[in-house]
Amino acid sequence: MSTHSHIQQQLYDYAKAELDLQAMEQINQHIASCPSCRQELSELDLFFERIGGEFPKACDARSPEFWDNFADSTIQRIQSSEHAVKKSSFGFWDSVIDSIFPYRVSALGLAGVMAVAILVLIFWPQPPSGKPTIVAEQSAAVDTSVTTVNQQFESYLRKSKTLLIGVTNMDLKNDQPIDFTAEQKASYELVSEARLLQNQKPVMMHSGQLLGDLEKIQIELAGIDPTNPGPRIEMIRQGIREDNLLFKIRMAESVYGHARFMSAKGSAPGGKK
Amino acid sequence: MAAADEQQLVLQVKDGNHGAFRVLVERHMKQAYNVAYNFVNDHDEAEDIAQESFVRIYHAIGTFRNEAGFGTWLYRIVTNLSLNRLRQRKNITRIDGLEMDRFISNMATPFDEHHRKDTHRMIERALHELPTLQRAVVILRHFNGLSTKQVSGILRCSEGTVKTHLHRGIQKMKVKLNVVKHELV
């Protein structure tokens, strides 16, 4: 960028006196010998005069009572959203129970009795058979659960990497319209996967931060205007680079790949448990 | 204060302290409202966007790393929600007469009402005819007084990019507001 262009882009901050002394001095010297920048500066002053004192803040149009109640309204909204999430998670089963058992309390009581009965059956002492099958099966069940979560997260990382590489390599410079449909659909699906994985302790312990970063990017990608995706894509690409997300994904993949290898080695015949 | 005190409040919110969250809301609610309003030009929608932003922050507070500051995070959400709302409206570059009348009726103009209405109309029209990024930068940097650094954090772009978009956006607005006489390329 030429000095002249650079100076012009600093003129706003200069006019607002928001530059350091050295930069101010540099611009003073340039303006002294550049009629074009002097003209631009006077137009900027006129612009400020034109709109600076005339634009009231939108918040001033609201009454003090509105602002006194804003925080309460927001907290009520949060409580409503939490209630709605809990309700929708079990919505289908709620409707099944409502249709079979009109009285919810009775249904819950019955479910409690059944749960107790199942637990009794599971933990009822068995006659010794010489084979430590229950403990081994429980241990295997836990291992399988962790392995399943790891596999799910590994799959999520792989798909996220593919999406981010695709976004990073997109050609935004030509005049052809950009079809962002597939990427947007993938982003929606990945956001859903991310939210499921956030409830999995093995993932959150080691990769919670990465998962959160990826979810944020995927939410932004899902929210892009499909008719004009270019500007937002560029902003998001900048974010991917600055957060070094592709590198972090590769690091996480190597960790989970190693864990899967060790798990497979341990469960192979002759392997240690 | 602000940064260390706000970090402390965020940590308290992460620990489930609702009082700390209320303090954060009360500190930032007006600015969030102003930013949203500058995009959507409607008080009810600005209120909805501002509240929704705080709701999203509450639910996502566990993932907040405080690298760029709470305010930057909040205004990023406000900006994204506002842009989404505009996209849903499908009239990003035009303001119809009904919306402008509603905007004008919301303004308190005790002095020279006719002149003010005209000027506000022109300013709003000039602003809403800018490309998305330029409009976002002008709204955040000029109309809401956020620093270049904050705006770059909100929009996830470099400070140089913010200055470029600000420069171009203001150039275009100057033409539309008859501050300059020549058209921009």
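What you are looking at is a predicted structure, and each value in this text was computed from that prediction instead of being measured. Lettering of chains follows the sequences in order, A, B, ..., and the numbering in each one begins at 1.
Chain A forms more heavy-atom pairs under 4.5 Å with one residue of Arg56(B), His167(B), Glu47(B), Gln51(B) than with any other, namely Gln51(B). Ranked by non-hydrogen atom pairs under 4.5 Å with chain B, the options Arg237(A), Glu40(A), Gln10(A) are led by Glu40(A). Comparing Asn80(B), Thr148(B), Asn84(B) by how many heavy-atom pairs each has under 4.5 Å with chain A, the most go to Asn80(B).
Side-chain contact check for Arg65(B) versus Asp213(A): some heavy-atom pair is nearer than 4.5 Å. Contact of the Arg156(B) side chain with the Glu220(A) side chain is registered, since non-hydrogen atoms from C-beta on lie closer than 4.5 Å.
Closest heavy-atom contact between Thr74(A) and Val55(B): O-CG2, 4.3 Å. Listed here is the closest heavy atom pair of Ala58(A) and His43(B): O-CE1, 3.4 Å. Taking both residues in full, the closest heavy atoms of Gly223(A) and Arg87(B) are given as O-NH1, 2.6 Å, listed atom of the first, atom of the second, then distance.
The aromatic ring centroids of His142(B) and Phe47(A) lie less than 6.0 Å from each other.
A side chain to side chain contact (heavy atoms under 4.5 Å, CB included) with Lys163(B) holds for exactly one of Gln9(A), Gln8(A), His6(A); it is Gln9(A).
Using a 4.5 Å cut-off between heavy atoms, Phe70(A) touches chain B through backbone and side chain atoms alike. Contact annotation for Arg141(B): both backbone and side-chain heavy atoms come within less than 4.5 Å of a heavy atom of chain A. Proximity to chain B (any heavy atom under 4.5 Å) is shown, for Leu11(A), by neither the backbone nor the side chain. Interface remark: Asp60(A) contributes no atoms to any contact with chain B (heavy atom separation under 4.5 Å). Both the backbone and the side chain of Ile78(A) come within contact range of chain B, judged by heavy atoms closer than 4.5 Å.
Proximity to chain A among residues 13-23 of chain B is limited to Phe21(B), Arg22(B), judged by heavy-atom separations below 4.5 angstrom. Using non-hydrogen atoms only and a strict 4.5 Å limit, the part of residues 14-30 of chain A facing chain B consists of Lys16(A), Glu18(A).
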_Before you tell me yes or no, could you show the steps for Arg62(A) and Tyr33(B) under side chain to side chain donor-acceptor pair (under 3.5 Å), namely the whole-Å CA-CA distance, both residues' side-chain angles and the distance that decides it to 0.1 Å?_
CA-CA 10 Å; Arg62(A) 292 287 197 168; Tyr33(B) 185 95; 2.7 Å; yes
